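Here the structure comes first, spelled out in structure tokens, and everything after it is commentary.
Just so it is clear, the values below take in all heavy atoms, side chains as well, and ignore hydrogens, waters and symmetry mates. Since this is a predicted model, take the numbers as computed values, not measurements. By convention in this document, chain letters (A, B, ...) are assigned in the order of the sequence lines, proteins followed by strands, and residues within each chain are numbered from 1.
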Amino acid sequence: MEPVRVRYPPSPTGLPHVGNIRTALFNWLLARHTGGQFILRIEDTDRERLVEGAYEAILESLRWLGLDWDEGPEAGGPHAPYIQSERQKLGLYAEAARELVEKGDAYRCYCSTERLEKLRERQAINSLPTGYDRRCRNLSREEQARYQEEGIPPVVRFKMPLTGRTTFHDLLRGDVTWDNARMDDYVLLKADGFPTYHLANVVDDHAMRITHVLRGDEWLASTPRHVLLYQAFGWEPPQFAHLALVLGEDRAKLSKRHGAVALLDFRDDGYLPEAMVNFLALMGWSLDDKTTLISRADLVKHFSLDRVSASPAAFDLDKLKWMNGSYIRQLPLEEFTGRALSFLEDPDHGLPPRIPRPLDRNYVQRVCALLQERVRTLAEMSEQAELFFTDEVIYPPLLIWAGMGDKELRRRAEAGEDLSNVPLPENAPAVRTWLDAALAILKETYSLPADKSADPTIHHVLDIIAGKTPWLHKDLENACRALAGELQVKTGELFGALRVAITGRITAPPLFQSMEVLGRDRTLKRLQAAAARLPQQGTG
RNA sequence: GCCCCCAUCGUCUAGCGGCCUAGGACAUCACCCUUUCAAGGUGGAGACCAGGGGUUCGAAUCCCCUUGGGGGCACCA
């Protein structure tokens, strides 16, 4: 395919959401695949609906996903400016509108908004087709002059052909035909001097030499108007392809009530941009019958319009989570640590604020090693890593029994039931003896001096020669397995009790590795605190 | 109401006339692994290809109708 010039023309009236960004991605992929250009153009012609921060969010969304633009704001380019309000100041649109008026393809309309509203109302009541009634289409010179004298600012309307049909070829859907009579004389230039989307996008797409217009399905119905406009100007229209919309999980059009839909929400929820790109690419495009995990490079290499689906896709958050988890697991540990670190330190989305920053990178890396294959998002890291960053863990003592394997208790704990006031089972003193015994045994196990911890294996050997057992998960496990034998309890039962005592949770990373990361001090303190909360033998 | 677009497992999709008793992925279920949770492995259930007519020796694939879903009908994009 020849190099294309495509554009992404967002309007700063809100935060870009995933459906919108999906369109940007497809444009970007087509540009990169063909070696063409991807152009960013800001369509801020609606002065009333501008939203503060939306412009920044647009740029940030593209940057986060790595969708770099060849021309546009900040990048510049041969067709600058790329912000329509600035182009408006240059008189580009007014000039184009005047040209059409002079040629007789457009006219000035002085109808008030009130009249138009009433008109629409009447049409609705009588179930007539809505649309402008062309009252100003054939105004006499005198009438026009009179309105002008009254100082009514006119809009410029396109003079729609009253008969005939307009056909255009959609790259995804084939030929689409409209009856011209079905379309009204739509507005090109508003009373405030700003163009409507219809005028602005045609004028700019032509000026910027856009070859392919890849946009959402919501534009399909206005494409014949655009085609007619190109004809009126005597310009060659670009190729069109209308992408099916992205729907919410309930198959309705994606909107705020579907939860996170703004692209940057996903960043804040701990999704990786590469996973997001992969996932979005698969909303309407596919490589073949079995590939789901595709690198950005392969996406660029293989993307093509004829593998784009014409039917709408529902957003499947579960699949995104899975895919994100898969990308997380693929990351080298160092890389994962880097990303997790900045996320964990973030005051809004990371660890609770009471945990002091900055975090120690080496320590975070050891935590990451345990959690990497257990989280699907970075936000899950925040939850699961917390126990490694606090001195004490808080939990109802009864949770120990849930950890030991009591199915009913476990179910209740997982259901979020408050177990703090439920009386402890009769074997509580026995369980306490386990914890005490574990505490005694683990006290025999030593941490490596800090300066030695760089190479634990060598020092492990040295310490064994010296008669010491270092604080390494293998040794901890051996010790506790032996203890289970002595106590004549199942290993799973003992380990489960220890897990809750030490981590405060019934599910956590592998017990002995967690203990190793937590270190001797914290582990022993937590064990002691846990034991102290259980009744002693004979004291009832 | 009018116009347009779309239609394969719950979801994303493969399929562009015979390779399909419809393939993959997520989710789901069972089992294996296992100190919990994950991850991983194995297997299962899950779509009579929306329904009905054609065309054809032969249709998920082409055509028509119906139904359903979506979009559009602004001095919003």
Side-chain angles (χ1 to χ4, degrees), chain A residues 9-14 43-46 48-49 109 111 113 116-117 120 123-124 126-132 153-157 170 172-173 176-179 182-184 186-192 194-198 200-201 216-224 242 244-245 247 249 251-253 279 282-293 306-307 309-323 325 329 371-376 384 402-405 410 477 480-481 484 490-496 498-500 503 505-512:
Chain A
S11 169
T13 51
E43 311 227 326
D44 57 346
T45 54
D46 185 342
E48 282 167 26
R49 295 201 313 152
C109 165
C111 293
T113 20
L116 295 176
E117 265 164 38
R120 257 195 299 277
Q123 286 165 334
N126 301 317
S127 55
L128 292 164
T130 53
Y132 180 56
V155 302
V156 177
R157 287 183 183 274
D170 186 281
L172 260 35
R173 298 158 204 276
V176 183
T177 302
W178 249 269
D179 273 328
R182 201 71 62 190
M183 296 180 278
D184 74 345
Y186 62 97
V187 173
L188 295 171
L189 204 64
K190 300 183 259 187
D192 65 1
F194 277 86
T196 60
Y197 170 84
H198 305 298
N201 104 77
D217 187 42
E218 70 266 33
W219 294 110
L220 189 67
S222 41
T223 303
H242 290 91
L245 296 171
L247 308 176
E249 279 168 311
R251 306 222 106 246
K253 190 182 182 182
F279 181 75
L282 258 22
M283 303 240 72
W285 178 84
S286 62
L287 176 62
D288 55 29
D289 58 341
K290 45 196 52 150
T291 312
T292 42
L293 262 18
D306 40 67
R307 294 201 63 86
S309 162
S311 55
F315 194 90
D316 183 357
L317 191 63
D318 271 330
K319 190 163 185 169
L320 206 214
K321 279 190 178 154
W322 164 79
M323 190 174 278
R329 276 172 257 126
L371 257 22
Q372 185 169 17
E373 68 175 31
R374 281 166 238 276
V375 297
R376 294 181 301 175
Q384 296 194 39
M404 279 159 56
R410 194 183 168 102
E477 177 168 354
C480 290
R481 277 192 192 281
K490 285 192 211 151
T491 51
E493 230 178 325
L494 175 65
F495 293 0
L498 292 175
R499 174 175 301 107
V500 175
T503 68
R505 320 176 45 137
I506 48 177
T507 68
L511 176 61
F512 303 106

Just N and O in the side chain of Arg120(A): are any of them under 4.0 Å from OP1 or OP2 of rC73(B)? no
Please work out if Leu220(A) contacts a base, only the sugar-phosphate, or nothing of the nucleic acid, heavy-atom cut-off 4.0 Å. sugar-phosphate
Measuring from the side chain of Phe495(A) (C-beta onward, heavy atoms only), which nucleotide among rC6(B), rA27(B), rU35(B) has the closest atom? rU35(B)
Among the candidates rU35(B), rA39(B), rA77(B), find the nucleotide nearest to the side-chain atoms of Phe512(A). rU35(B)
Nucleotide forming a Watson-Crick or wobble pair with rC62(B), both distances under 3.5 Å: rG54(B)
Could you list the residues that satisfy side chain to side chain donor-acceptor pair (under 3.5 Å) with Arg376(A), not counting sequence neighbours? none
Please write out the pairs of protein N or O atoms and N or O atoms of nucleotides 12-15 of chain B separated by less than 3.5 Å, giving the distance to one decimal.
from	atom 1	to	atom 2	distance (Å)
rC12(B)	OP1	Arg251(A)	NH2	2.6
rC12(B)	OP1	Ala314(A)	N	2.8
rC12(B)	O2'	Leu282(A)	O	3.1
rC12(B)	O2	Lys319(A)	NZ	3.1
rU13(B)	OP1	Gly284(A)	N	2.8
rA14(B)	OP1	Ser286(A)	OG	3.1
rA14(B)	O3'	Arg307(A)	NH2	3.3
rG15(B)	OP1	Arg307(A)	NH1	3.1
rG15(B)	OP1	Arg307(A)	NH2	3.3

With both distances under 3.5 Å as the test, what is the Watson-Crick or G-U wobble partner of rU28(B)? rG44(B)
Counting only side-chain heavy atoms from C-beta out, which of rC5(B), rC37(B), rA77(B) sits nearest to Ser11(A)? rA77(B)
Name the nucleic acid region contacted by Arg182(A), choosing base, sugar-phosphate or nothing; use a 4.0 angstrom heavy-atom cut-off, strictly under. sugar-phosphate
Return the polar atom pairs (N/O with N/O) between nucleotides 42-47 of chain B and the protein under 3.5 Å, or none.
none

Work out how far the C1' atom of rG72(B) is from that of rA47(B), and round it to whole angstrom. 32 Å
Which nucleotide, if any, forms a Watson-Crick or G-U wobble pair with rC73(B), using both distances under 3.5 Å? rG1(B)
Thr196(A) or Thr130(A): which one's nearest nucleotide on RNA chain B is closer to the 5' end? Thr130(A)
